[in-house]
Structures are given as C-alpha cells and as structure tokens.
Amino acid sequence: MKKIIRYIQILLFSTVIFLGTGCESNFLDINKDPNNPTIVPLRQLLPYAQLNITNSLGMGPSGLSEPLSSFSHQIVVRDNWNSYFIVGDDFPIQQAWDNLYAGAFTDLRQIINLGTEQEAWQFVGIAQILKAYAASAMVDVWGDIPYTNATLGAENPYPEFDKGQEIYPKLFALLDEGIANLAKTSSLSTGTSDLFFSGNVDRWRKLAKTLKLKLYNQIQLTSLYDDAAVKALIAEGDLMSAASNDFELRYGSTTAPENRHPSFIQEYVQGPQYNISPYFYQIMQGKSTLNPILFGIEDPRIPYYFFNQLTPDQDAQNPVSYRDGAFLSIWFASLNIDPNEGFDQDQSQTMLGLYPVGGKYDDGEGGVVNQSSGLQGAGYQRLFTYANSLYVRAELALTKNTGEDAEELFEQAITESFKEVNQIADLAGAPTLSTTEISSYASKVLALYTAANTEKKLELILTEKWIANFGFGLEAYNDIRRTGYPKPFDPNTDNNPFTVLNRSFILSLPYSVTDLQINPNAPAPRNIATDKVFWDVD
C-alpha cells in the first residue's frame with residue numbers, strides 16, 4: 001500500500017529514538033549531548049530526503065510543477081507566470097533549489113556515506129537512485145548545476161557548476177551503482193522509512209532501470225543517446241511492469257500533524273489559487289479548435305480532474321472571463337488585459353479535483369468546496385508512473401525503432417492512465433470508470449493514431465502523456481521543449497483580444513538569486529528565453 005506522509009510523526013519518531021538511546025549505561029558520558037546528535041539514523045534521513053524531492057518537484061507552493069504546469073498550460077495563475085515570465089527569487093525557484101541542495105542532496109550524501117560504513121546497502125542503493133532522479137530533473141530545467149562538488153559543506157562551500165551534458169553520463173553510472181548495491185546483502189532494511197516502496201528491492205531495481213530508459217529518451221537527439229543500451233534494457237525486460245511500481249507518494253488527510261497534499265491546502269483550505277486552463281479543458285472536451293488533435297473525443301476523466309462549484313444554470317459571483325456551462329476559469333496571457341480576469345471567483349471557479357490533489361469528484365451537483373471536501377487532501381504526487389514508462393517506450397519505439405510495438409504500448413499507456421484515476425476514485429468512494437468507457441476512449445484515440453503519419457503519431461503520444469500527467473508539469477515542460485508537443489497554447493493566434501503575449505516560451509528556469517549572490521563560482525544569470533539545456537536540439 002502507498003504510504004501516508006506524516007511530517008510531524010517523523011519528528012515524533014525521531015524524538016522517541018533519541019530518548020530511547022539516552023537510557024543506556026553510558027548516560028553519564030558528559031562529552032556527548034543527546035539533544036544534538038552528530039549522526040542521524042538512516043531511517044530518519046531517508047523519509048526527509050524523499051519528501052524534499054517530492055515537494056520540490058511536485059505540485060505545491062514550493063514545487064517546480066506549479067509554474068511548470070502553468071507554462072505547459074494545465075493551469076492558469078494570476079501571476080507573471082501567466083505570460084511566460086519567472087525570476088530567480090520567485091518562491092518555487094528559491095524553495096526547490098534550497099530544499100534539493102540543503103535538504104535532499106545533503107541527506108542523500110549522508111545516507112550513502114553512513115550506509116557504506118554500516119554496509120546498509122539497501123539504503124545506499126535507494127539513495128543513489130533518488131539522487132540520480134532528482135539531479136536529472138534539475139539538469140532538465142536548469143541545465144548546468146553544481147553536482148560533482150555539491151553538498152561538501154566547509155570542504156567546498158562554493159561548488160562549481162558542472163555542464164549538463166557532463167552530468168548525464170554520471171547519472172547513468174550512479175543508477176548502475178544503485179542497482180548493484182541493491183543486490184548486496186544489507187545490514188539494515190529501510191522498512192516503512194522508505195515512503196515509496198517500503199524497501200521493496202525489486203521495485204527499486206525496476207524503477208532504476210526504467211529511469212535509465214527515461215533519461216535516454218530525454219537525450220535521444222544528442223550524441224549521448226546509446227541505441228544499444230536502450231535495446232538491451234528493453235530486451236532484459238526488467239522494467240516497471242505494473243501500477244504497483246508507480247513512483248509516487250500519497251498524502252494523508254490529517255491536520256495535526258499536517259500531512260495533506262500541498263495543492264489541496266492551496267485550493268481547499270486557503271482558498272482557490274489555481275485556475276484550470278481553458279485550453280487544457282477544451283482539448284479534454286474534444287472541442288478545441290486551437291488544438292484539434294483530439295477533436296470529437298470527450299475524455300471521461302473530466303469529472304475526476306476538475307470540480308465545478310457552479311451548476312450550469314447558476315450565476316457566478318462576478319463577471320466572468322471564460323465560462324462553459326458549469327466550468328469557469330481565466331485564460332493564459334490575460335493578466336491585466338481581460339477586464340473580467342481579476343474578479344474574485346472563489347466560490348464560482350472550477351477547482352483542481354479528486355485527481356491529483358485529493359479534492360472532490362464532480363457529481364454535477366456543484367457546491368462551494370472546503371477542507372472537508374472529497375478525500376480531504378489525501379491525493380498523490382506522481383513523479384514517474386508505470387503509465388509514464390509506457391508513454392516513454394511508445395515514443396522510443398516510434399522514433400528509434402527499438403523493436404517494440406509503439407501502437408500497442410500507446411494503448412497500454414492510455415489504459416494504465418485511466419487505472420490511476422480509478423485508483424483514487426475507489427479510495428474516495430466515487431464512481432470508477434468502466435472497462436467500456438476506457439476501451440471506447442482508447443479505441444477512438446488509436447483510430448486517429450493508426451491513420452496518422454509519424455509526426456502526428458508522436459503528437460498524439462505526448463498529448464495523452466500531458467493529459468495523464470495533470471498536476472505534474474515537469475514532464476510536459478520537458479516534452480514541449482524537446483519535441484514541440486503537446487502543442488503549447490498561442491494567445492496571439494486565438495482570436496481573443498484579451499490574450500496578448502510578447503514573450504516566447506521559457507527554455508530554461510532562472511537560477512536561484514540567493515545562489516547567484518553568494519556563490520562566486522556561479523555562472524551569469526540565465527536568459528530564460530534563449531538559454532537552452534543541452535538536450536534541447538533544434
């Protein structure tokens with residue numbers, strides 16, 4: 001079963017451990033301060049590292065997926081992100097950078113060092129896999145980052161920035177090291193301190209090998225792509241193979257300790273912070289003329305993704321920017337242009353739903369939401385799921401002729417994406433999507449796929465992947481820069497006078513201002529409109 005994250009409980013557990021160790025026979029050793037231990041147990045370091053990675057990359061106020069979901073047109077926010085603009089002192093940039101380096105990477109380094117000394121190979125292997133995953137995500141959005149000499153503390157307080165193309169080969173090697181260490185006899189099991197797989201070595205090994213495939217797909221247009229290695233991974237068959245392998249964390253619903261999904265808190269507790277992109281909504285409705293890729297195919301996941309506080313015949317609080325029946329939102333690139341964009345619609349606008357934040361399933365009855373709605377925040381941060389792995393394999397089969405059947409993998413990916421929705425619907429006691437609904441949708445998309453040329457096939461794969469990754473903008477942001485798909489919304493060609501854009505799509509994120517200010521080895525600030533990461537090849 002998926003673990004419920006318990007922020008405060010981890011702290012309480014730590015306190016119990018420290019109090020317990022203070023009762024040994026050497027308690028009169030005045031040279032040791034039991035309240036300030038110099039070594040933290042591995043079982044306390046690991047969940048903190050995992051939580052820092054998840055919250056830094058996922059959806060929430062301190063996560064990169066919040067602005068990236070805006071740039072990839074899943075959500076719209078009343079912020080400069082609404083016009084492809086972000087700066088190095090924006091909260092998600094500062095928090096993600098700091099929490100990954102000062103938090104996750106520091107803890108993972110400690111786990112690897114201590115685990116090696118203690119021959120706790122299970123911890124070492126997991127830490128290496130986590131480090132490779134998180135570092136790859138940072139390279140994907142920032143390009144060059146501190147890596148080789150990062151988190152050395154006083155030994156090197158101002159680490160140099162490594163080139164992204166030099167880091168990626170080290171990540172493949174690190175994943176291999178992690179796989180090898182998982183195969184060793186470990187002196188200590190992670191148990192439930194591993195918030196992802198409870199120390200299930202088979203799942204971690206399969207994830208590591210699948211992440212290698214993901215990274216090769218990311219660099220498939222560069223000289224680093226290794227065709228033989230990709231085909232060997234596929235031939236070996238030791239990849240993620242079931243939904244139980246999903247690399248994800250499920251939050252809880254309690255407030256004391258607070259362990260709800262960060263975006264649920266944003267939406268349902270503090271008041272609506274996000275708007276659903278009408279562009280995204282119209283594509284799922286099958287009626288988008290701006291991007292007709294799925295025109296005529298209505299997606300049955302809509303009531304799981306979005307909750308409408310209004311009914312179709314109910315008046316909104318204020319004049320609206322965009323409304324379609326019960327659905328109410330604002331457009332990207334409408335900030336300070338649309339006269340109705342800025343009105344308060346906290347009890348009228350459409351909200352993030354049951355999937356992915358543990359909000360409310362839309363039964364068509366409407367109603368103002370609150371913190372008691374739906375699953376009360378017990379949603380998921382999905383970092384890399386089995387469905388995602390199938391989309392990656394389908395793309396590689398299509399573009400790199402890996403020997404697999406791209407259409408078959410694509411169909412499996414769609415089906416698994418729907419199973420993820422049913423998973424949380426079942427937990428909420430909401431109606432689940434029937435086999436007929438799933439197969440009907442998949443068959444319509446596959447009919448388009450069969451009739452399409454290679455380029456259109458790629459667009460269909462990545463558009464479905466984008467829809468499946470609602471709430472995790474990192475994947476779509478990478479795909480858009482790498483391939484051009486899913487096709488981004490263009491406010492200058494939508495015939496809407498209230499959506500105007502003078503900026504181009506962001507090609508990389510700005511560095512944390514704090515790091516640029518204190519690290520003399522930091523590079524010049526990035527130009528987010530022109531500075532590409534190394535795998536972004538025209």
Side-chain angles (χ1 to χ4, degrees), residues 58-96 261-282 290 305-310 315-324 326-353 356-357 359 368-371 470-473 476-477 488-492 494 496-506 509-510 528-529:
M59 187 78 164
S62 61
L64 293 179
S65 277
E66 188 164 299
L68 297 182
S69 290
S70 179
F71 301 149
S72 58
H73 305 290
Q74 294 175 331
I75 63 170
V76 182
V77 294
R78 290 186 174 95
D79 194 285
N80 287 333
W81 307 340
N82 198 22
S83 60
Y84 289 143
F85 185 66
I86 190 168
V87 293
D89 59 0
D90 276 355
F91 192 72
I93 298 293
Q94 293 271 50
Q95 287 296 106
H261 193 296
S263 289
F264 178 88
I265 297 172
Q266 290 274 92
E267 282 278 77
Y268 288 74
V269 180
Q270 298 175 357
Q273 305 291 313
Y274 312 112
N275 290 271
I276 310 302
S277 169
Y279 180 71
F280 187 70
Y281 164 75
Q282 287 182 355
L290 300 175
Y305 278 31
F306 320 132
F307 177 77
N308 297 311
Q309 297 187 95
L310 300 178
D315 290 336
Q317 292 165 266
N318 289 298
V320 302
S321 173
Y322 176 83
R323 182 170 183 178
D324 177 39
F327 183 90
L328 189 150
S329 190
I330 62 175
W331 282 101
F332 181 87
S334 66
L335 191 65
N336 299 322
I337 303 173
D338 186 339
N340 296 334
E341 172 272 333
F343 282 117
D344 180 22
Q345 303 284 9
D346 66 319
Q347 297 182 24
S348 299
Q349 70 188 66
T350 297
M351 313 274 286
L352 296 178
V357 302
V368 178
V369 299
N370 56 48
Q371 60 185 317
F470 180 55
F472 190 66
Y477 178 64
F489 168 59
D490 185 354
N492 292 328
D494 66 347
N496 183 343
F498 300 127
T499 56
V500 179
L501 188 63
N502 297 319
R503 298 179 181 276
S504 57
F505 192 84
I506 291 174
L509 294 184
I528 61 176

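Given the structure is predicted, the values throughout are model-derived calculations rather than measurements.
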Side chain to side chain donor-acceptor pair (under 3.5 Å) between Tyr322 and Gln282, worked out: CA-CA 11 Å; Tyr322 176 83; Gln282 287 182 355; 3.0 Å; yes
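- Proximity of a side-chain donor or acceptor of Ser65 to a complementary backbone N or O of Gly473 within less than 3.5 Å is detected.
- At a threshold of 4.5 Å between non-hydrogen side-chain atoms, the residues Tyr477 and Ile506 count as touching.
- Once rounded to the nearest 0.5 Å, the distance linking CD of Gln345 with CG of Leu328 reads 5.0 Å.
- Residues Phe498 and Glu341 are not in side-chain contact: their nearest non-hydrogen atoms beyond the backbone lie 4.5 Å or more apart.
- For Asp90 (side chain) and Pro92 (main-chain N/O), no donor-acceptor pair under 3.5 Å exists by modelled atom type.
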Check against side-chain contact (heavy atoms from CB on, under 4.5 Å), Met59 and Phe472: CA-CA 6 Å; Met59 187 78 164; Phe472 190 66; over 6 Å; no
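- To the nearest 0.5 angstrom, Asn336 atom CG is 10.5 Å from Arg78 atom CZ.
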ring-ring contact (aromatic ring centres under 6.0 Å, His included) assessment of Tyr279 paired with Trp331: CA-CA 8 Å; Tyr279 180 71; Trp331 282 101; 7.7 Å; no
CA sep, side-chain torsions, deciding dist, call: Asn370, Tyr268, side-chain contact (heavy atoms from CB on, under 4.5 Å): CA-CA 5 Å; Asn370 56 48; Tyr268 288 74; over 6 Å; no
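- Looking at every heavy atom in both residues, Ser263 comes nearest to Val357 through CB-CG1, 3.6 Å.
- The backbone N or O of Leu310 lies less than 3.5 Å from no partner atom in the side chain of Asn308, so there is not a single donor-acceptor pair.
- Pairing each heavy atom of Pro356 with each of Gly471, the nearest pair is CG-CA, 4.0 Å.
- Here the straight-line distance linking atom CG of Asp344 with atom CD of Gln349 works out to 8.0 Å at 0.5 Å rounding.
- Remark: side-chain polar atoms of Asn82 are paired, donor with acceptor, to backbone N or O of Ala333 under 3.5 angstrom.
- When all heavy atoms are compared, the tightest approach of Asp346 to Pro272 is O-CG, 3.4 Å.
- Nearest heavy atoms, Ile528 versus Leu509: CG2-C, 4.0 Å.
- One distance of note links CD1 of Ile75 with OG of Ser69; it measures 5.0 Å at 0.5 Å rounding.
- Judged as a side chain to side chain donor-acceptor pair (under 3.5 Å), and not counting sequence neighbours, the contacts of Thr499 are Asp494.
- Looking at Pro262 and Pro61, their side chains come closer than 4.5 Å, going by heavy atoms from C-beta outward.
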Residues Phe280, Phe470; criterion ring-ring contact (aromatic ring centres under 6.0 Å, His included); working and verdict: CA-CA 10 Å; Phe280 187 70; Phe470 180 55; 5.3 Å; yes
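- In this structure, the ring-ring contact (aromatic ring centres under 6.0 Å, His included) partners of Tyr84, at least two apart in sequence or on a different chain, are His73, Phe332, Phe505.
- In terms of the salt bridge (charged side-chain N to carboxylate O under 4.0 Å, His left out) criterion, Arg503 has no residue partners (sequence neighbours excluded).
- One distance of note links CZ of Arg323 with CG of Asn340; it measures 13.0 Å at 0.5 Å rounding.
- With sequence neighbours left out, Gln266 forms a side chain to side chain donor-acceptor pair (under 3.5 Å) with no residue at all.
- Formation of a donor-acceptor pair under 3.5 Å by the Glu267 side chain with backbone atoms of Leu352 is found in this model.
- Within the model, atoms CZ of Phe306 and OH of Tyr281 stand 8.5 Å from one another, a figure rounded to the nearest 0.5 Å.
- Looking only at atom types and distance, the side chain of Tyr274 has a donor-acceptor partner in the side chain of Glu66 under 3.5 Å away.
- Remark: Asp324 pairs with Lys287 by the salt bridge (charged side-chain N to carboxylate O under 4.0 Å, His left out) rule, at least two apart or across chains.
- Side-chain N/O atoms of Ser348 and Gln317 include a donor and acceptor closer than 3.5 Å.
- In this structure, Phe307 has no ring-ring contact (aromatic ring centres under 6.0 Å, His included) partners at least two apart in sequence or on a different chain.
- Taking every heavy atom of both residues into account, Pro67 and Ile86 meet most closely at CB-CD1, 3.8 Å.
- Under a 3.5 Å cut-off, the side chain of Asn275 and the backbone N or O of Val77 do not form any donor-acceptor pair.
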Pair Val76-Ser70, side-chain contact (heavy atoms from CB on, under 4.5 Å): steps then yes or no: CA-CA 5 Å; Val76 182; Ser70 179; 5.7 Å; no
Test side-chain contact (heavy atoms from CB on, under 4.5 Å) applied to Asn496 and Asp338, step by step: CA-CA 10 Å; Asn496 183 343; Asp338 186 339; 5.8 Å; no
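- For the pair Gln309/Thr350, no side-chain contact is recorded, criterion being any heavy-atom separation below 4.5 Å from C-beta on.
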